[in-house]
Novice: 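Let me begin by handing over the structure; questions about it come next.
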Amino acid sequence: MKNKELVCGNIAFSEAAIRGGCRYYYGYPITPQNEVTSYMSSRMDEVGGVFLQAESEIASINMVFGAALTGARAMTSSSSPGISLMQEGISYLAACELPAVIANVMRGGPGLGNIAPAQSDYFQAVKGGGHGDYRLIVYAPSTVQEVVDYTYKSFSVAEKYRMQVMILMDGLLGQMMEPVVFPEMVEFKGIKSDWSITGCKGRAPRLVRSLFLGRGVLEDHNKKLQEKYKKAEETELKYETYKTEDAEVLLTSFGICARFCRKAVDLLREKGVAAGLFRPVTLWPFPGDKLFKVAENVKKIVCVEMNAGQMVEDVRLSVSNPEKVSFFGRTGGGIPSVSKIVEFAK
Amino acid sequence: MEERIVISGFGGQGIIALGKFIALTAMNSDKHVTYLPSYGAEVRGGTANCQIIISDEEIASPCIEDMDILIAMNQPSFDRFCGNVVTGGLIVVNTSLAAAKPGAVNIPATEIAVSLGEKKIANVVALGALLAREEFLSVKDIKDALPVVLKGRCEKILRLNVQALNAGLRNSE
Amino acid sequence: MKTLYKKPESLNDIVTHYCPGCGHGIVHRLIAEVIDELNIREKTIGVAPVGCAVLAYNYFNFDVTEAAHGRAPAVATGIKRALPDNFVFSYQGDGDLAAIGTGEIIHAANRSENISVVFVNNTVYGMTGGQMAPTTLVGQKTLTSPGGRSSCTAGNPVKVCELLAPLEGVKYLYRGAVSSPSKINTVKKAIKQSFEIQLAGGGFSLVEILAQCPTYWGMTPCESVKHIETELVKTFPLGEIKKWKKE
């Protein structure tokens, strides 16, 4: 209990990134994740890293691209409108297979929307917000400690597959404080690789690019990407179940919203309803097969989200009984109350 | 045991600071705790509020619908949240800026703070008054946490906070 | 036997995709010669643009990457901040640098990122088939200004060097052309100056090079060379726009 610190989600992922060996942070201020830029600006100084307040999110993600090219651990973060601006850069990172970590502290949209918590960037994160056939590994933590844990490990996962990892949070998780234990500082010396761009001393020149002209060259490249995505799909899957063994009513939810549902499950059980919760922790890869098994004998599946119904599409695709799936959610920054979830699900 | 606390007032009344302080004390007392502030443009010039849940068990939702304790540092805060206090719950009213309420912990926190020489310390006065009625965290733990939170600040500030806490403990109705 | 002329080590021995009479090939060679002369090939990292020079990476014999359209200064910033001892330059055309990448170039310049920028201005979009560029001359006909560029509806040509000159972070600006052997020699000196500034930790510098595009100017290579010297220079005067002052 001794090493606990009380921090908000935004500081949690900032410090966890630094502990995880990230020494390059590029970002642009946006609510509700403004704690990040101010924290990084002083913390990077302390650890001998680089913080740069970029002129835009477009520049931020491209600076991350430059740092990642050299084999360094680099990240950026933003909230929904800023993440939209980064989609071009994310597509290039994916094409060039550069490991990088991007945190999205979601707010209400579309457009400038508002600054209230939301989960309406599920499609963007999971289905590919930029152009082309690519995937991101998407973690949806639901506690501040999980924010720490998944951010910390995201760099090595990104490097393992040469993929981009997105930490998908929302304004609530970014702003709320909880006690956390931070892991040890990683001594990261840079990736030793056969692809990083460092100057060609003692070796043949290297090229990192995303333009693949010539017949079939891009198709071959894409096939290679798909193969590694398949590998990630098999090994990086994470999910959590709560009281699902005898559940007749199954709630599905991700991120902060899953915590409301966990409370709802307890209240429903007090009312005699055998409720349970299935929470995907990785939104991509989506734990569809696991959900299929858990959902097989339930009478009712309720997907709860802070959007107009996005993950519910994957839930319907995953289960054998999609007609049993219903959706409950609030959009535009509204937060579904536990009592309303209980009322809907019982 | 689970205590759901809402603290609300004008921006600048130390709402956020008091909330963090309570959350930190709870953490140091080995409790589970969540702290959730209102944020963004909403807190500029308007009302600020924060929600704290302290529990012996893991906390599911950090959002409070109905609260056990409300600390209302001004009238708009009282008006906004008093309807969500559970039966048997507790309301602390800063009577310097809100009308006294029968059955509530009524304390002229701002006036007491001014008499101590620092208007901003009204938040800690209110906390003292609350603890006098219900010791949801031990007064000892609170007093132990003060130097931790105020680490790096001058001795005078710490003394002022202890005085404010004691004044609240003494003066609550 | 005395060697008078050989392929620079920094250039690969392959045929380029550039049109006959295009200025890009000359600029590539100048960069390669300067890198050889400064003996920095093994620590050089080039950032290629999107545009006609998108395939520049095929021709250079050192580490190269390719940035999204206009983002080369941001990518170069990321590289240089991570590897300050390496030599980093971006190679950009007029669409890449002066249209879609305006934000990135201005802010990299203003931060005085210790990088070098080689900016090739041929007043037209070549890769996409000859559309108007931000630097297209008033009256110049392109696919998207068929009646000639009108300053009323399309504005006047963007003068990048003059735009950047007032920024304190900008340490050296030169505008040259590759339209004659003497001008080519002068441009080479400017490129070398820019590269040396970076090697000395001097900060941001940019060399703008007026280059011929016979294909989309609708001219022969000889006519297009003449066109630079008679027409382009009126809008884009040659010479040192900002002198390097050693601090």
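FYI, side chains are in, hydrogens and waters are out, and symmetry mates aren't considered; it's all heavy atoms of this structure. Here is the naming used below: chain letters follow the sequence lines, and residue numbers restart at 1 for every chain.
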Novice: Among all residues two or more places apart in sequence or in another chain, which pass the salt bridge (Lys or Arg N to Asp or Glu O under 4.0 Å) test with Glu46(A)?
Specialist: Arg43(A)

Novice: Just how far is it from atom CZ of Phe62(C) to atom CD1 of Ile197(A), taken to the nearest 0.5 Å?
Specialist: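 If I round to the nearest 0.5 Å, the distance is 11.0 Å.
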
Novice: What residue, out of Ala68(A), Cys200(A), Gly89(A), Ala74(A), has the most heavy-atom pairs lying under 4.5 Å from chain C?
Specialist: Cys200(A)

Novice: What are the sub-3.5 Å donor-acceptor pairs between chain A and chain C, distances to 0.1 Å?
Specialist:
from      : atom 1 : to        : atom 2 : distance (Å)
Glu55(A)  : OE1    : Arg111(C) : NH1    : 2.9
Glu88(A)  : OE1    : Arg71(C)  : NE     : 3.0
Thr198(A) : N      : Asp63(C)  : OD2    : 3.1
Thr198(A) : O      : Asn86(C)  : ND2    : 2.7
Gly199(A) : N      : Asp63(C)  : OD2    : 3.0
Cys200(A) : N      : Glu42(C)  : O      : 3.0
Lys201(A) : N      : Glu42(C)  : O      : 3.3
Arg203(A) : NH1    : Asp63(C)  : OD1    : 3.0
Arg203(A) : NH1    : Asp63(C)  : OD2    : 3.4
Arg203(A) : NH2    : Asp63(C)  : OD2    : 2.6
Arg206(A) : N      : Asp63(C)  : OD1    : 2.7
Arg206(A) : O      : Val64(C)  : N      : 3.0
Val208(A) : N      : Val64(C)  : O      : 3.2
Val208(A) : O      : Thr65(C)  : OG1    : 2.8
Val208(A) : O      : Glu66(C)  : N      : 3.2
Ser210(A) : N      : Glu66(C)  : OE1    : 2.9
Ser210(A) : OG     : Glu66(C)  : OE1    : 3.0

Novice: Which atoms of Leu55(C) come close to chain A, meaning under 4.5 Å heavy atom to heavy atom: side chain ones, backbone ones, both, or neither?
Specialist: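 The side chain, not the backbone.
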
Novice: With heavy-atom distances below 4.5 Å as the criterion, would you say the side chains of Val208(A) and Val64(C) are in contact?
Specialist: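 With C-beta onward as the side chain, the pair stays apart.
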
Novice: Is Leu69(A) close to chain C through its backbone or its side chain, or both, or neither, when contacts mean heavy atoms under 4.5 Å?
Specialist: side chain

Novice: Can you tell which of Gly49(A), Ala72(A), Ala59(A), Gly199(A) has the highest number of heavy-atom pairs within less than 4.5 Å of chain C?
Specialist: Gly199(A)

Novice: Quick one: which residues of residues 46-54 of chain C reach chain A at under 4.5 angstrom, heavy atoms only?
Specialist: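 Contacts with chain A: Val54(C).
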
Novice: Holding to salt bridge (Lys or Arg N to Asp or Glu O under 4.0 Å), I want the full list of residues that pass it with Lys223(A), two or more places apart in sequence or in another chain.
Specialist: none

Novice: So which atom in Ala82(C) and which in Ala67(A) form the shortest heavy-atom distance, rounded to 0.1 Å?
Specialist: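 Shortest heavy-atom separation between Ala82(C) and Ala67(A) comes out as CB-CA, 4.4 Å.
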
Novice: Name the member of Val88(C), Ile40(C), Ile45(C) that forms the most heavy-atom pairs with chain A at distances under 4.5 Å.
Specialist: Ile45(C)

Novice: Using a cut-off of under 4.5 Å for heavy-atom pairs, which of Ile61(A), Leu213(A), Val64(A), Leu52(A) has the most such pairs with chain C?
Specialist: Leu52(A)

